[in-house]
Amino acid sequence: MLYRETGQFKTSYSADQAVFPIRQDLVGIWLILAFMFLVVPFTFNDFWLNSIMIPTLIFALAAIGLNILTGYAGQLSLGTGGFMGCGAYACLKLTTFFPDLNIIIVILMSGFFAAAVGFIFGLPSLRIKGFYLAVATLASQFFLEWAFGRIAWLYNYADSGAIEVPTRRIFDIAITGPHASSMTRYLVVLSIVVVLTWVASNLVRGRFGRSWMAVRDMDIAAELIGIRLLSTKLTAFSISSYYCGVAGAMMVFLWLGAAEVESFDINHSFLVLFMVIIGGLGSLLGAFLGAAFIWNLPILLRSAFGQTIDAASVEHISFMVVGALIIFFLIVEPHGFARMWQIAKEKLRLWPFPY
Amino acid sequence: MSALETFVDAADETLLAVEGVTLSFGGVQAIKDVSFDIKKGEIRAIIGPNGAGKTSMLNVINGFYHPQKGKITFKGNTRTDMRPHVAATQGISRTFQNVALFRGMSTLDNIMTGRTLKMTTNLFWHLFRFGPAEQEELEHREFVERIIDFLEIQHIRKTPVGRLPYGLQKRVELGRALAAQPDLLLLDEPMAGMNLEEKEDMSRFVIDVNDQFGTTIALIEHDMGVVMDLSNRVVVLDHGEKIADGTPDEVKSNQDVIDAYLGVAH
Amino acid sequence: MGEILHGIFINPFIEIAGAPDLFVQVLWEGFVSGTLYALIALGFVLIFKASGVFNFAQGIMVVFGALSLVGLFAAGVPAWLALILCIGIMFGLAWGVERVVLRNLVNQEPIILFMATIGLNYFLIGFGEFIFGGEPKTMITSEIGLPTGSFDFEVLGGLVSLQQIDVSAAVIAGLLVAGLAVFFNKTRIGRALRAVADDHQAAMSVGITLQQIWVIVWFAAGIVALTTGIMWGARSDVSFALSIVALKALPVLILGGFTSVPGAIVGGLIIGISEKLAEFYWGPLVGGSIESWFPYFLALIFLWFRPQGLFGERIIERV
C-alpha cells in the first residue's frame with residue numbers, strides 16, 4: 001500500500017531521468033545512507049566492521065568495475081584480480097614517493113594506473129570477441145601476477161615480498177596502517193564507495209552507458225549507427241579498471257593492511273565475477289547484492305556449522321554452494337538478484353490488489 | 001517550403017552514386033559491376049529475388065562490406081572503402097532485415113543511442129552528470145520524444161525492446177535510424193513478416209518521413225504492391241547484376257524483370 | 001639495449017649450439033607438457049563441437065578424475081576396480097551435467113552456458129575437496145600398471161633422459177586421439193555427433209536426441225580428462241592447483257581453433273614446446289617463471305593475425 005507512484009507526476013524530462021524517479025525509492029536510499037553513515041560506525045563491533053562491512057563494500061566496488069565491463073559493455077573479463085593488484089601496488093608506490101599527500105587522494109589516484117593497464121590490455125578487444133577476449137584477459141591476469149611477484153621495486157623490496165601498509169594520517173587521525181581504527185577505515189571506504197557508485201550511475205544512464213550497452217547487445221548495429229567500437233570498448237576497459245584499481249588499493253590499505261600476490265590471483269577474479277553474475281549483470285544494485293551475498297555466505301555457513309565441522313570443510317561446502325547457486329541463478333533468473341528485486345517492486349506496486 | 005517543393009527543387013541533384021561496384025566473398029560473386037544513383041529527396045526501391053545481392057548492396061553503401069571494385073559517391077565525396085561509423089557520420093543510417101535492436105535496452109534508450117553522433121560532451125561532465133552533460137541529455141530527450149510521438153510508440157517508451165512484438169520492434173528500429181537525422185535512410189525490408197495493417201502503418205511512416213523531413217530513402221522490399229506505390233524509381237538486381245532501372249511502371253513491364261521473378265530457362 | 005637484444009635473439013642460439021643435449025631435453029619436456037595441454041584442449045573441442053558449450057570446467061574434470069582414482073584407492077578399493085569405478089563416475093558426471101545444467105539451459109546464449117560451466121567448475125572443486133580432502137596426493141602410477149623408470153639416450157655427446165611415464169603419456173595420448181578419430185568417422189554414434197555439431201535442428205529431425213548426444217560427448221570428454229589426470233598426476237601431485245595450469249588449454253584452443261581436433265594437438269605441442277624453450281632461454285633474462293604467462297601472450301599475438309585459429313575457416317560477418 002505504501003509503495004505507490006500514483007499522484008507523482010513528472011513535469012520535466014530531468015525528473016523522469018533521475019536515478020530514483022519514484023519518491024519512495026529516494027526516501028529509502030537516504031534512509032539507508034543515514035543508517036550506514038550514522039548508525040553502523042557507532043553500533044557495530046570490530047568483527048562486523050572488519051569482516052563484513054568493509055570487505056563487502058570493497059568487493060561491491062570491484063563488482064561495479066567488472067559490471068561496467070562485462071555487464072554493460074559485454075566484454076567478459078577474467079582479469080579483475082590483476083587490475084585490483086595494479087591499484088594496490090600503485091597506491092603503495094605513490095604513498096612512498098609522496099608520503100605527505102592525503103591518502104584518500106592517493107587511493108583515488110592509484111586507480112588511474114590500473115586504468116592505464118586496463119587500457120593496454122583492452123586493445124586486443126578491437127579484434128577479439130567473446131571467449132577469445134576472456135583468454136586475452138587471462139594473459140593480463142597471469143602477467144600481472146607474475147610481475148607483482150617478481151619485480152621487487154613494486155613492493156618496496158620488503159623481505160616478505162608483500163605490501164606492508166604504512167601509517168598515514170589526515171588531521172592526525174590514522175587512516176591506514178596498524179593504528180587506524182575500524183571505524184575510521186569503514187567511514188573512508190563507505191564514502192569512497194558511495195561517491196564512486198554515484199559517478200557510475202551517472203555514467204551508465206548517459207551517453208557512455210548507452211554506447212556500452214549498444215556494443216554489448218549488437219556490436220555491428222552499434223558501429224553502423226556511428227559508435228566507434230574501439231574507443232567505446234577502451235573507455236569501458238579503462239573505467240572498469242579504475243574501479244577495480246581503487247577497490248584493490250582500498251582492499252590492501254583500508255582492510256587487509258598487508259597483501260601478497262595471492263590477494264590478486266585468479267581466484268579473486270572469479271570471486272568478483274560470481275558477485276556480478278549472482279547480483280545481476282548490468283545492474284549497480286546487483287553489484288552490492290552480489291558482493292554481500294558471495295562474501296558473507298562462507299561467514300554465514302561458518303557460524304551455522306562452525307561447531308560441527310572443521311574450517312576447511314566449511315570452505316569446501318561454500319565452494320559447492322556458490323558453484324551450485326551460479327548454475328541455479330543462470331537457469332532460473334539469469335539477471336540475478338537485481339532482477340528479482342525489480343520484479344518484487346513491480347508486484348509491490350500493485351499489492352495488495354494485484355488485479 | 002512544402003514537401004513537394006523540396007522534391008521538385010532537388011530532383012536533379014544526385015545524393016548517392018554507385019559506380020561499377022563488384023563484391024565477392026571467396027569465390028562467390030555477390031555483386032557484379034552494378035551502377036545506379038539515388039537522387040536527393042526520392043524514395044528509391046531496390047528489388048530482386050532472394051540472393052540477388054540487395055542486402056549486400058546496402059552493406060556496401062554504408063561501409064560494412066568493402067567492394068573489390070567500383071566507387072561510391074555520397075554528397076560529392078567519392079570513396080571505395082570506409083569504416084561503417086564514417087558512413088554514419090556522413091549521414092547514412094539504416095534498419096536491418098533481421099531487427100538489430102539493442103535488446104537489453106528500452107525503446108527510449110534505443111532511440112537515444114541513435115543520437116550518439118550528435119552528442120559531444122566529454123567524459124568529465126558525464127561523470128557528474130552536470131552542466132553540459134545534463135543539458136545535452138535533456139535536449140536530445142526532447143528530440144527523441146518527437147520521434148516517439150511521430151511513430152506513435154509513446155506507450156512502450158520504457159519497455160525493453162526484447163519484449164516487444166515484431167512489428168513494434170521494426171518501428172523502434174526506424175525510430176533509431178531517424179534519430180540520427182540522416183540524409184540517406186536505408187531500409188532493409190521494413191515490412192517483412194508484417195500483416196496488412198502493420199504494412200499500411202509502416203508505409204505511412206515511410207512516406208511521412210520522406211515528406212516531412214525530406215529524407216532520401218533507399219528501400220528493399222519484396223511486396224510489389226508496396227514498392228510500386230511508394231517508390232519514385234526502382235532498381236532491379238538479379239544474381240548480383242542490375243537488370244533494370246527506372247520508374248515503377250517501366251520496371252513492371254520490363255521482360256528481364258518478369259523473367260527473373262517468374263523464372264525462365266536461361 | 002644491445003645487450004638485451006643480444007640476450008633475446010642471439011644468446012639462445014649460442015647456448016643451443018654449445019649444449020645440444022640440453023636443447024633436446026628441453027624440447028622433450030615441452031613435448032610432454034604439450035601433449036597434456038593438447039589432451040585437455042581435446043576435451044574442450046569434443047564438447048564445443050557437439051554442443052557449442054565452452055566448457056571451462058574441463059581442467060577441473062581432469063583433476064576430479066585423478067582425485068577420484070587416488071581417493072578410491074586410498075579408501076581401500078583395488079587399483080583396477082578404482083579405475084573402472086572412475087570411468088563410472090565420469091559417466092555419472094556427464095549424465096548429471098546434462099540433466100541439471102544443459103537441459104535447463106538449452107537455447108541460452110553461449111556466454112550464459114560458459115558461465116554455467118564456471119559454476120560447475122567451482123562446484124566440482126568444492127565437492128572434490130570435501131570428499132577427498134584438499135591436500136595434494138600422489139598418483140598411484142605403478143599400481144595401475146604404468147612404468148616409472150627412465151630411458152637415457154646419448155645425444156650429440158650429452159645425455160638426454162626420458163621418463164618412461166612421459167613416453168607412455170605420449171603413446172596413450174596418440175592412441176586416444178586415434179580411437180576418437182575412429183569413433184567419430186566410423187561409428188554410427190560418432191557420425192551422429194558430427195551431425196549435431198553441424199546443425200541441431202537437422203540432427204533432431206533425423207531422430208537423434210540431443211540429450212543422448214550431450215551425455216555421450218561429456219562422457220567422452222570425461223574419459224579424456226581422466227586419462228589426462230592420470231598422466232599429469234604421475235608427473236606431479238594430484239591437487240586442484242593443477243586446474244590453474246589446465247587453463248593453458250585456452251591459448252592452445254586459440255591457436256588450434258575451437259572446433260578442430262588436429263588443431264588442439266598441434267596447438268598443444270606448439271604451446272608446450274614454446275613455453276619450455278622460452279622459459280629456459282629467455283626466462284633468466286627477466287627473473288624466470290615466464291611460462292605462467294608466455295602462452296597467453298603467444299596466443300594473443302597469434303590471434304591478432306589469425307582470429308579464426310590455425311585450422312578454422314574465415315568468418316564472414318552478416319547483418
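Here is the naming used below: chain letters follow the sequence lines, and residue numbers restart at 1 for every chain. Source: prediction; values computed, not measured.
- Looking only at side-chain heavy atoms (C-beta outward), A:Leu78 and C:Phe56 come within less than 4.5 Å of each other.
- C:Phe294 does not touch chain A: none of its heavy atoms, backbone or side chain, sits under 4.5 Å away.
- Partners of A:Glu145 according to the salt bridge (charged side-chain N to carboxylate O under 4.0 Å, His left out) rule, which considers only residues two or more places apart in sequence or in another chain, do not exist here.
- For the atom pair CE (A:Met320) and CG (C:Leu124), the distance works out to 9.5 Å, reported to the nearest 0.5 Å.
- For A:Phe237, the ring-ring contact (aromatic ring centres under 6.0 Å, His included) test picks out no residue, with sequence neighbours left out.
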Please determine whether side-chain contact (heavy atoms from CB on, under 4.5 Å) holds for the pair A:Leu76 and C:Phe114, giving the CA-CA distance in whole Å, both sets of side-chain angles, and the decisive distance to 0.1 Å.
CA-CA 11 Å; A:Leu76 183 60; C:Phe114 171 65; 2.9 Å; yes
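- Once rounded to the nearest 0.5 Å, the distance linking OG of C:Ser292 with CD of A:Gln141 reads 10.5 Å.
- C:Glu129 is not listed as a side-chain neighbour of A:Phe319, based on a closest heavy-atom distance of 4.5 Å or more.
- Shown here for C:Leu300 and A:Ala139, the closest heavy-atom pair between the two residues is CD1-CB, 3.9 Å.
- Inter-residue side-chain proximity for A:Leu138 and C:Trp293 is flagged as unmet; no heavy-atom pair is nearer than 4.5 Å.
- In this structure, NE2 in A:His316 is found 11.5 Å from CD1 in C:Ile131, a value given to the nearest 0.5 Å.
- C:Tyr122 is not listed as a side-chain neighbour of A:Ile326, based on a closest heavy-atom distance of 4.5 Å or more.
- Contact annotation for A:Asp265: neither backbone nor side-chain heavy atoms come within less than 4.5 Å of a heavy atom of chain C.
- With a 4.5 Å cut-off on non-hydrogen atoms, A:Phe328 does not touch chain C at all.
- By the 4.5 Å heavy-atom criterion applied to side chains, C:Ile118 and A:Phe274 are counted as neighbours.
- Of the atoms belonging to C:Ile290, heavy atoms from both backbone and side chain fall under 4.5 Å from chain A.
- Across C:Val100 and A:Ile331, no two heavy atoms sit closer than the pair O-CD1, 3.4 Å.
- Contact of A:Leu325 with chain C is not made at all, since no heavy-atom distance falls under 4.5 Å.
- Heavy atoms only, all atoms of each residue included: C:Met115 and A:Leu330 are closest at C-CD1, 3.6 Å.
- Of all the listed residues (A:Asn267, A:Leu144, A:Ile266), the one sharing the greatest number of non-hydrogen pairs under 4.5 Å with chain C is A:Asn267.
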Working for ring pair (Phe, Tyr, Trp, His ring centres under 6.0 Å), residues A:Phe143 and C:Phe297:
CA-CA 9 Å; A:Phe143 177 75; C:Phe297 273 76; 5.4 Å; yes
